[in-house]
Amino acid sequence: GAYLFLNDSRLKDKVYITAILDDIVKHKQWSDKNVVLVLEPGPIDAHWHSGILENHFVRELKKAVSAAEKKHAKLTVMCGCDEAQVCWSSDEWRRTIFSHYLVEGLQGSAAEGEGRVNVGQLFDYVNKRVANWAETNRGMKQTPILLGNGSRTVDLTQVKEANAER
């Protein structure tokens, strides 16, 4: 299954994504709330020492979200790339392209109307820019994906006018 390594440079301590999604589904305090989870797969194709022969994180994530969304009606997962893709980084920005545009969008660049940024606006903003950057700078595809059955209209942040006009 899909799992995350938490602050472990040796890539030994794993947390399975199914365990995280199960916790979200089980907690009564979240049962009627909108849950938005943002994940960015690391650029690991294989890591023999930790048992990773091939990176199937996104494929397994899709299965896990599909199972979890049956139990939680308001679950949305934004992932930095699709299957068989890499989340590219920029030396200039000193971070990944996905995280760069995610932060930029949350700071107001994805805002429309009254300065609010919702899930759909953020995803559309990030998706378009990441795909364009990857094609232009790496000649490869990187397509962020939106999974789950949550609403695209859930507000994530309210920004001031100055930030929204970027």
Side-chain angles (χ1 to χ4, degrees), residues 1-7 14-44 55-89 93 95-135 141-161 163-166:
Y3 49 85
L4 308 172
F5 292 111
L6 304 177
N7 296 324
K14 302 177 197 176
V15 175
Y16 283 88
I17 195 69
T18 52
I20 294 169
L21 293 173
D22 285 347
D23 283 346
I24 291 169
V25 168
K26 286 180 194 173
H27 284 297
K28 292 183 191 272
Q29 68 192 31
W30 293 342
S31 63
D32 64 338
K33 303 249 188 307
N34 291 298
V35 175
V36 179
L37 184 62
V38 178
L39 298 171
E40 183 173 30
I44 299 172
N55 190 343
H56 295 294
F57 179 84
V58 177
R59 182 184 72 193
E60 297 300 318
L61 175 65
K62 287 178 178 180
K63 290 179 193 175
V65 172
S66 179
E69 71 183 353
K70 294 172 184 159
K71 300 174 187 171
H72 194 291
K74 298 179 179 181
L75 174 65
T76 304
V77 178
M78 187 184 305
C79 183
C81 64
D82 206 345
E83 293 180 55
Q85 295 179 355
V86 172
C87 286
W88 295 103
S89 60
W93 292 330
R95 58 178 148 182
T96 65
I97 301 312
F98 178 73
S99 64
H100 173 79
Y101 287 118
L102 183 77
V103 169
E104 199 174 86
L106 286 169
Q107 289 175 335
S109 294
E112 296 175 9
E114 298 177 2
R116 288 189 169 93
V117 177
N118 68 34
V119 172
Q121 292 166 328
L122 181 63
F123 177 74
D124 293 344
Y125 177 85
V126 171
N127 189 30
K128 179 180 178 183
R129 282 157 182 81
V130 166
N132 184 48
W133 190 97
E135 183 64 37
K141 283 190 172 201
Q142 180 181 342
T143 312
I145 57 173
L146 198 60
L147 305 169
N149 52 7
S151 173
R152 290 176 55 97
T153 61
V154 172
D155 284 338
L156 298 173
T157 188
Q158 172 82 39
V159 295
K160 295 179 182 177
E161 290 287 326
N163 288 343
E165 293 180 5
R166 287 186 173 181

N/O donor to acceptor pairs below 3.5 angstrom from side-chain atoms of residues 71-86, sequence neighbours left out:
{"residue": "H72", "atom": "ND1", "partner": "K74", "partner atom": "N", "Å": "3.1"}
{"residue": "H72", "atom": "NE2", "partner": "W30", "partner atom": "O", "Å": "2.8"}
{"residue": "K74", "atom": "NZ", "partner": "D32", "partner atom": "O", "Å": "3.0"}
{"residue": "D82", "atom": "OD1", "partner": "K62", "partner atom": "NZ", "Å": "2.8"}
{"residue": "E83", "atom": "OE2", "partner": "K62", "partner atom": "NZ", "Å": "3.1"}
{"residue": "Q85", "atom": "OE1", "partner": "D82", "partner atom": "N", "Å": "3.1"}
{"residue": "Q85", "atom": "OE1", "partner": "T143", "partner atom": "N", "Å": "2.6"}
{"residue": "Q85", "atom": "NE2", "partner": "T143", "partner atom": "OG1", "Å": "3.4"}

Going from [atom1] on [X] to [atom2] on [Y], what distance comes out if it is rounded to the nearest 0.5 angstrom?
X	Y	atom1	atom2	result
N132	I97	CG	CD1	11.0 Å
T157	Q121	OG1	CD	11.5 Å
Q142	F98	CD	CZ	8.5 Å

Where [X] and [Y] come nearest, the two heavy atoms and their spacing:
X	Y	answer
S89	W133	O-CH2, 3.7 Å
V25	A68	CG2-O, 3.9 Å
Y125	A110	CB-CB, 3.6 Å

Non-hydrogen side-chain atoms of V65 and L37 separated by less than 4.5 Å: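 The answer is no, as the side chains (C-beta and beyond) never meet within the 4.5 Å cut-off.
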Within-4.5 Å side-chain heavy-atom neighbours: L102 and T96: no
Are the side chain of Q158 and the backbone N or O of E114 linked by a donor-acceptor pair below 3.5 Å? yes
Option from V36, V154, L106 for which side-chain contact (heavy atoms from CB on, under 4.5 Å) with L122 holds: L106
Any residue meeting ring pair (Phe, Tyr, Trp, His ring centres under 6.0 Å) with Y101, in chain and number order, not counting sequence neighbours: W93
Salt bridge (charged side-chain N to carboxylate O under 4.0 Å, His left out) partners of R129, counting only residues at least two apart: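 R129 satisfies salt bridge (charged side-chain N to carboxylate O under 4.0 Å, His left out) with no other residue.
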Between V119 and N34, does the side chain to side chain contact (heavy atoms under 4.5 Å, CB included) criterion hold? Intermediate values first, please. CA-CA 11 Å; V119 172; N34 291 298; over 6 Å; no
